[in-house]
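So that the names make sense, note that chain A is the first sequence line, chain B the second, and so on, each numbered from 1. Everything numeric in this text was worked out from a predicted model, so none of it was measured.
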Protein chains: 2
Amino acid sequence: MTDSKRSGSGEVAARRGKRERLTAAAVRMLHEQGVEKTTLADIARAADVPVGNVYYYFKTKDELVEAAIGAHAQSLEAMIASLDQLPAPQDRLKALISGWVEQRELAAQFGCPFGTLSSELDKRADGLDRTAAEVMRILLDWGERQFREMGRTDARDIAVALIASYQGISLLTNTFRDPELMAREGERLERWIDSLATEG
Amino acid sequence: MTDSKRSGSGEVAARRGKRERLTAAAVRMLHEQGVEKTTLADIARAADVPVGNVYYYFKTKDELVEAAIGAHAQSLEAMIASLDQLPAPQDRLKALISGWVEQRELAAQFGCPFGTLSSELDKRADGLDRTAAEVMRILLDWGERQFREMGRTDARDIAVALIASYQGISLLTNTFRDPELMAREGERLERWIDSLATEG
DNA sequence: GTCTATATTTTGATAGAC
DNA sequence: GTCTATCAAAATATAGAC
C-alpha cells in the first residue's frame, strides 16, 4: 500500500479541508462583493484553490451560495447557544446587541453579512431566497421567545422591530461608512430593552 | 426645410422622451432585479428602445445607474415638498410612515426601492455609492428637522432610528414576502411618534 | 437620431491530462 | 483528487449603415 498516505483518511481530510475553505471564502466574498459581483474565480482565489477544481466540490455557483447560507445558519445557532447561557432574557437580548455593536466596523464596510445576502437573494427567482428566510426566522423566533419570557404579549412584533432596527442601522452604517451610527443605535436599543421590562 | 418635422424641437422631444423612458425603466429594473443582475438589454426592452441605441443616451451602464439615483432624488424631493404642506411635524412624520405602509406590497416583492439600490452600490468601488449616500442624507436631514421642531434634543439619533426601522422592516417584509410586517411596524412607529411628543 | 451587426470581455462550466 | 486549457454563453460596448 504505497498509496496509503494519499488515499484513505488523508483524502477525506483534504476534501473536507478544501470544501470548508471554499465555503468560508464564499461567505467572505459574498459579504464583501455581493452575490452577483463575486465570480467563482474570486472565491477560488480567496480559498487558494485552482478555479477548475471548484467544480469537484460544488457543481454550480448556486451550490456555493447555498453552502454560504448554511455556514451563516451554523454561526447563528452557535451564537444563540452562547446567548442562552445567560439567565435573564433582558441580558441575552442586550448581549445580542453588544455583539452587533462590536461588529460595527465590518458593518460600515460591507453591511450585515446575512442581511445583505438575503436582500440580494430576494431579487432572484430560485429558491435560495426561501432558504435565507428560514435562517432569518431562526433569529426572529429566538427574539420572540426572549420577549415572551419577559412577559410581553406583543413579543413577536417587538422581536420583528428589534431585528429590523439592526438590519436598518446596518444599512445606514454601511451607506454612510460610519460605525458610530451602529454604536449610538445600540445604546438606544439597550435603553429600549430596559424600558420594556418595566413598562406593561 | 423638408426635414422640419424630424429636426428642431421634434428631435429634442424625442431625445428627452427616450432618455426619460430609459431612466424610468432603469429605476424599475434596478429595483426588481438589482444592479448586477440587470442588463442593458433588460432596461432597453423595458423602455422599448433598441439595445444599441441606449449608448446614444448613456455612454456606460454606470451612467444609467447614476440617472436612476438622480430620479430617486427627485422623487424624494417631491415627497418632502408634499409632506411639508402639513403644519405639524408629528403629522408630517406620520404621513411619511403612511406612505411607506401604502407601498408595502412593492416592498414585499422587491424591498425598499432606494435602500436595496444603496446596499448594492456599497459593494462597489466606484463613487456611485457616495451619490446614493447623499440622497439618503436628504431624508435623514429632513427627519432630523421634524424631530427638532418637536423639541427633541436627540433629533438626529431618533431620525436615524426611524429611517433604520423603515429600511430594516423593508428588508424583513421582503425576506418573508409578508406586507403585513410593514403594516404592523408602521402602526408601532406611529404610536412611537405620538409618545415622543408627550415625553421629554 | 436610429438601429443592426458585431467586436471584446467576462464568466460559468466542462474536458481531459496527470 | 488535482489542475490546465478551453468551451459556450452572456454582457458591455462599438462601428457604421441608414
Distance test, side-chain N/O of A/Tyr56 to OP1/OP2 of D/dT2, below 4.0 Å: no

With sequence neighbours left out, what residues match B/Asp129 under salt bridge (charged side-chain N to carboxylate O under 4.0 Å, His left out)? A/Arg177

By ring-ring contact (aromatic ring centres under 6.0 Å, His included) - contacts of A/Phe176 (at least two apart): none

With a cut-off of under 6.0 Å to the ring centre and 45° to the axis, is B/Arg19 in cation-pi contact with B/Phe58? yes

Between C/dG1 atom P and B/Phe58 atom CZ, what is the distance in whole Å? 14 Å

Can you list everything that forms a ring-ring contact (aromatic ring centres under 6.0 Å, His included) with A/Phe114? Sequence neighbours excluded, please. A/His72

Can you give one letter per nucleotide of nucleotides 11-18 of chain D, 5' to 3': B if a protein heavy atom sits under 4.0 Å from the base, S if only from the sugar-phosphate, - if neither? SSBB----

Once salt bridge (charged side-chain N to carboxylate O under 4.0 Å, His left out) is applied, do any residues pair with A/Lys94, and if so which ones, sequence neighbours excluded? A/Asp194

Under the salt bridge (charged side-chain N to carboxylate O under 4.0 Å, His left out) test, which residues partner A/Asp91, sequence neighbours left out? none

To the nearest angstrom, how far is B/Arg45 atom CZ from C/dC3 atom P? 16 Å

Of the listed nucleotides (D/dT2, C/dC3, C/dG1), which one gets closest to any side-chain atom of B/Tyr57? C/dG1

